[in-house]
Amino acid sequence: RGQGARRWGGACGAAGGGMELAAAAAAEAASEGDSGDEASSPNPSMELCVIWELSGEEADQDVFRFSEKAIETFNSSSEGKGLIWSFFFFSLFYMWPYQTMVQTQNFLVTEFPEKGAEAGATMMMVTTWPMFLTHTVLSLTGISRRLPYACKIVLPCCVVAVLAAVLIAILHMPSRSPDLLLNSLYVAGFVESLAESFVEPAVYEMAGLLPSTLTSQKVQAGNGACGLIVSSVQILTRLVTSGLGPIGKDQLEMLTTIFVTLMGVTSLQIMVLYFWKVRRSNYYWTYVRGSGHSPESRAEEIAEDASDLQDDFGGGCIENLRNTAKALRYVLPSFLAVFVCFLATLSVWPVIPGLSCAVPPSSSSSSKPDRSSALQSWWFDLVLFTFNFSDFLGKCMQSSLQWGARTLSPRTQLLLALLRAVVLVPVILACSAPQQFDPRLARWVNLFAVFVLGLTNGWLSTVCFMRAPKALPPDTPNAVAEQASSVMVIGLFLGISMGCLVADQLGKTALKGHIGVCFVPEAA
């Protein structure tokens, strides 16, 4: 990366005799490029240099796309309030399929004990990397922008609903093959990931185009609420069926069936919410579609959607790359902040602290925790719940979030994300693997660190998403603002995917043999 930065700097100097000339040339070319003449477009290498040098400066400018009056009018109107909460439920519903697939890891461990760790890691890979790769391609090529929101929401939700019905049928087969079940769950995770690569960015983009930062905040809050609900349901199911004892295989299968059923229901609810609440709003047609009014007939709505598909692909792709470059000048530090935030979180959570030693060994000759301890058997569930609760809490601190979105510059966000990683990751590793002090103290330090990890993950990522698509010049077109949200989602998906990959590799390499091992004073 250092060599790349030097090459960019050298190219800028050679092309324009310094960054000042490069910036001026780019600005002049951009102003001429607005007329649609491709010959006047800036040189790609020049534009990359300008983004590299000026993204932080432009992003730190105190500019916002909407006036205070427009924001206040939206926030105080009944229609605006309804839309704000619609985005909460959008997020809650589209996250349910992802959480369902992640929740199946507990079922996979009991159903396939010989493949437990491998199956869980595979499920995480197939539910993360496809959505990152698919969304990145769709976003950077401009294909996503030319697809109507109705298409990006309805088709994936229909696919997930059908997928849920197929999974329920397989789970209820009287004599199902273990390989059929395992492979079906893998395929379901992969297909769900592809579907989410359409729906989640679409929701973030619509939220980002509306005047209020509260729409983006509610998307994040719904995301956190989904994780909290899943953790709570798992704990309550275990308490009801097994008390303080471990949950059985039959209970996990029943829980998986319930989650899959709800996966189909929530997918259908997303479509109802979009057509019944969002699409009927004048704010949607004014700010998202830019037409200023709702169509008077269904035929006009269809014509509006069809017009999005009539752009020339080649010209649209080039124009989309220009819009991406313009958006990056303002959101690049926020993009990196979100990436670092989720990379740090998922590199250590939930497996490393969840499987850590929470109680001392039952004998002095052992380095493993006392498996008969109720606390140890509940430890993974407690770690999951603690993070999800604090993450949800961080995403719901509305007053401080609005202050952060207005006050914290993108470069400050990136600095906080790096500081968070530097402080919290070593603390969790010291409490977990290899454990550096007595488990009776380490468990509470660990749980507190996980709480702070979740709180800061929820708060900081929400601030980034609230600010990024709004902190643009007032005359910014929708194409650039929409791309700002899309780029932020790329950072989110990349952080999640890389975090899961790093955690998996740490377990196989540096932390192999240390996870779940207690601190032994003699060995220390």
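The residue from Asn388, Asp381, Thr386 that alone fulfils the side chain to side chain donor-acceptor pair (under 3.5 Å) condition with Ser231 is Asn388. If you run side chain to side chain contact (heavy atoms under 4.5 Å, CB included) between Phe259 and each of Leu167, Val102, Thr100, Thr104, only Thr100 comes through. Screening Trp349, Phe392, Phe448 for a ring-ring contact (aromatic ring centres under 6.0 Å, His included) involving Phe387 leaves a single residue, Trp349. When each of Trp459, Tyr204, Phe335 is paired with Phe465, the ring-ring contact (aromatic ring centres under 6.0 Å, His included) condition holds for Tyr204 and for no other. Each of Phe88, Tyr94, Phe87 was checked for a side chain to side chain contact (heavy atoms under 4.5 Å, CB included) with Ser91, and the lone residue meeting it is Tyr94.
Looking at Ser461 and Gln220, their side chains do bring a donor and an acceptor atom within 3.5 Å of each other. Checked by atom type, the side-chain pair Glu205/Ser485 shows no donor-acceptor distance below 3.5 Å. A donor and an acceptor atom, one from each side chain of Thr141 and Asn320, are nowhere located under 3.5 Å apart. No hydrogens or angles considered: nothing links the side chains of Arg145 and Asn478 as a donor-acceptor pair under 3.5 Å. Using modelled atom types, one finds a donor on one side chain and an acceptor on the other under 3.5 Å when comparing Thr412 with Ser409.
A side-chain donor-acceptor contact under 3.5 Å links Ser400 to the backbone of Met397. In this structure, Gln217 contributes its side chain and Lys395 its backbone to a donor-acceptor pair below 3.5 Å. Put simply, the side chain of Ser76 gets close to the backbone of Glu72: a donor and an acceptor are under 3.5 Å apart. Remark: the backbone N or O of Gly404 is not paired with any side-chain donor or acceptor of Thr407 at under 3.5 angstrom. Thr215 places a side-chain N or O within donor-acceptor distance of the main-chain N or O of Ser212, the cut-off being under 3.5 Å. The main-chain N or O of Cys341 is found under 3.5 Å from a side-chain atom of Arg420 such that the two form a donor-acceptor pair. With hydrogens and angles ignored, the 3.5 Å screen pairs a side-chain donor or acceptor of Gln483 with a backbone N or O of Ser139. The closest donor-acceptor contact from the side chain of Lys277 to the backbone of Gly82 lies at 3.5 Å or more, if one exists at all. Counting only distance, with no hydrogens or angles, the side chain of Ser193 and the backbone of Phe190 share no donor-acceptor pair below 3.5 Å. In terms of modelled atom types and a separation under 3.5 Å, the side chain of Thr266 and the main chain of Met263 share a donor-acceptor contact.
Annotation: side chain of Val487 is not in contact with side chain of Tyr330 (no heavy-atom distance under 4.5 Å).
Summarising the geometry, atom SG belonging to Cys226 is positioned 5.5 Å from atom CE belonging to Met95; distances are rounded to the nearest 0.5 Å.
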Would Phe132 and Trp129 satisfy ring-ring contact (aromatic ring centres under 6.0 Å, His included), going step by step from the backbone distance to the final call? CA-CA 5 Å; Phe132 161 67; Trp129 281 98; 5.7 Å; yes

Walk me through it: do Arg280 and Glu79 pass the test salt bridge (Lys or Arg N to Asp or Glu O under 4.0 Å)? CA-CA 10 Å; Arg280 293 171 63 183; Glu79 186 178 349; over 6 Å; no

Start with the C-alpha distance between Tyr287 and Phe74, add both sets of side-chain angles, then the distance that settles ring-ring contact (aromatic ring centres under 6.0 Å, His included), and finish with yes or no. CA-CA 11 Å; Tyr287 291 105; Phe74 181 90; 7.0 Å; no

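Between Gly454 and Ser390, the shortest heavy-atom contact is CA-OG, 3.3 Å.
Salt bridge present: Arg322 and Glu319 bring a charged side-chain N and a carboxylate O closer than 4.0 Å. The pair Glu68-Arg406 counts as a salt bridge, with a side-chain nitrogen and a carboxylate oxygen less than 4.0 angstrom apart.
Between Phe451 and Phe389, the ring planes are tilted. Angles from 30° to 60° get that label.
For the pair Arg238 and Trp378, the cation sits on the ring face: its NZ or CZ lies under 6.0 Å from the ring centre, inside 45° of the axis.
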